Amino acid sequence: MKNEKLYELLKQMTLEEKIGQLFQVAGGVFLMDKVDISTGPLKNLGISNEMLYNVGSILNIMGTEKVRKVQEEYLSKSRLKIPLLFMADIINGYKTVLPIPIAQGCSWDSKVVYDCTKLSAEESKVARSRC
C-alpha cells in the first residue's frame, strides 16, 4: 500500500477503530456459532461484540478452513475491510512441544537451541505451506 492510500485510510478511521487495531484476541471467539462475549475476560476488559470487528490480530487459529472462515466473517462486519493478522506463538515449538527458551539457554548447548528452533521453524513452515 502506498503512503498516500495509507494516510487516506487513517483519516477515515475513527479513534475506536485505530485503538482496535492495537488489540489482539484469542481467535476462538470467532469460531463460535454466534460471536458473544457477554462473559469471560473480554467482557471484563469492556470489549463489546462490535469492537471485536476492529481488532488488528488474533492468536491461535490454525488450518486453512478456520483461517478463511474467520477472515471472511471478520471482513463481512468490518467497516473498512482491513484484514486480520493471524498470529501464532511458536516460542517453544509448533506441534512438538520443546523446553522453553530460557531452559534451552540454561543447557549451554547451542546445538540443542539451534535444533529446537530449526524443528519449530520446519513444522510451522510445513503447516503454512498447506494453507
Side-chain angles (χ1 to χ4, degrees):
M1 177 179 279
K2 297 206 181 235
N3 283 348
E4 298 80 27
K5 283 189 145 195
L6 180 60
Y7 290 130
E8 184 58 38
L9 179 61
L10 285 169
K11 286 180 191 176
Q12 293 176 44
M13 294 174 80
T14 65
L15 180 59
E16 186 176 89
E17 288 168 331
K18 290 174 184 174
I19 292 169
Q21 286 295 304
L22 301 173
F23 272 78
Q24 180 178 69
V25 297
V29 72
F30 289 102
L31 293 175
M32 294 186 274
D33 289 333
K34 178 183 175 204
V35 174
D36 183 12
I37 56 168
S38 58
T39 62
L42 294 178
K43 180 182 185 245
N44 294 340
L45 289 173
I47 297 174
S48 68
N49 285 356
E50 294 77 31
M51 290 172 72
L52 276 178
Y53 295 96
N54 291 329
V55 301
S57 64
I58 62 173
L59 188 61
N60 296 329
I61 295 290
M62 296 177 200
T64 306
E65 289 178 24
K66 288 180 184 177
V67 167
R68 287 181 191 219
K69 178 184 177 188
V70 169
Q71 190 72 278
E72 287 170 4
E73 157 117 11
Y74 178 84
L75 290 174
S76 74
K77 296 182 180 171
S78 170
R79 184 176 74 91
L80 296 172
K81 310 300 183 215
I82 300 170
L84 281 168
L85 295 175
F86 289 81
M87 311 301 287
D89 277 338
I90 308 175
I91 194 158
N92 62 318
Y94 183 72
K95 291 289 185 181
T96 304
V97 178
L98 302 164
I100 62 173
I102 196 166
Q104 292 176 27
C106 289
S107 74
W108 295 98
D109 187 338
S110 59
K111 179 158 177 21
V112 166
V113 174
Y114 176 83
D115 289 344
C116 289
T117 55
K118 183 177 179 188
L119 176 63
S120 296
E122 288 172 351
E123 285 183 342
S124 62
K125 180 182 172 185
V126 167
R128 176 68 183 125
S129 69
R130 292 180 182 163
C131 292

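Keep in mind the model is a prediction, meaning the values are calculated, not measured.
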Shortest non-hydrogen contact between Val113 and Gly105, atoms and distance: CG2-N, 4.4 Å
Closest non-hydrogen atom pair, Val55 against Leu52: CG2-O, 3.3 Å
Nearest-0.5 Å distance that lies between atom OG1 in Thr14 and atom CD1 in Ile19: 8.5 Å
Gln104 side chain to Pro99 main-chain N or O, any donor-acceptor pair under 3.5 Å? yes
Under 3.5 Å: donor-acceptor pair, side chain of Gln71, backbone of Leu84: yes
Of the non-hydrogen atoms in Ser120 and Gly93, which two are nearest, and what is the gap between them? OG-CA, 3.2 Å
Please report the closest heavy-atom contact between Met13 and Ile82, naming both atoms and the distance. CE-CD1, 4.0 Å
Pairing of Glu73 and Lys77 as salt bridge, 4.0 angstrom limit: yes
In the single-linkage hydrophobic clustering (I, L, V, M, F, W, Y; side-chain heavy atoms under 4.5 Å), do Leu59 and Met51 co-cluster? no
Donor-acceptor pair, distance only, cut-off 3.5 Å: does the side chain of Glu123 make one with the backbone of Thr96? yes
Verify the neighbour count for atom CD of Glu65: are there more than 12 heavy atoms of other residues, nucleotides or ligands below 6.0 Å? no
So CE of Met87 and CG of Asn60: to nearest 0.5 Å the spacing works out to 10.5 Å
Rounded to the nearest 0.5 Å, what separates atom NZ in Lys95 from atom CD1 in Ile90? 10.5 Å
When you measure from the side chain of Ser78 to the backbone of Tyr74, do you find a donor-acceptor pair of N or O atoms at a distance under 3.5 Å? no
Quick check for you: to the nearest 0.5 Å, what is the distance between Asn54 atom CG and Gln21 atom CD? 7.5 Å
Indicate yes or no: at least one non-hydrogen side-chain atom of Lys11 is less than 4.5 angstrom from one of Glu8. yes
Answer yes or no: are there more than 12 heavy-atom neighbours, outside Ile102 itself, under 6.0 Å from its atom CD1? no
Answer with yes or no whether the hydrophobic clustering places Leu6 together with Leu80; edges join I, L, V, M, F, W, Y residues whose side-chain heavy atoms lie under 4.5 Å apart. yes
Are there more than 12 heavy atoms of other residues, nucleotides or ligands under 6.0 Å from atom NZ of Lys81? yes
Shared hydrophobic cluster, Leu75 / Phe86 (ILVMFWY, side-chain heavy atoms < 4.5 Å): yes
Would you say Ile100 and Trp108 are hydrophobically clustered, going by side-chain heavy atoms of ILVMFWY under 4.5 Å? no
Kindly work out whether a path of hydrophobic side-chain contacts (I/L/V/M/F/W/Y, heavy atoms less than 4.5 Å apart) joins Val112 to Leu119. no
Would you give the length of the straight line joining atom CD of Glu17 to atom CG of Leu22, rounded to the nearest 0.5 angstrom? 12.5 Å
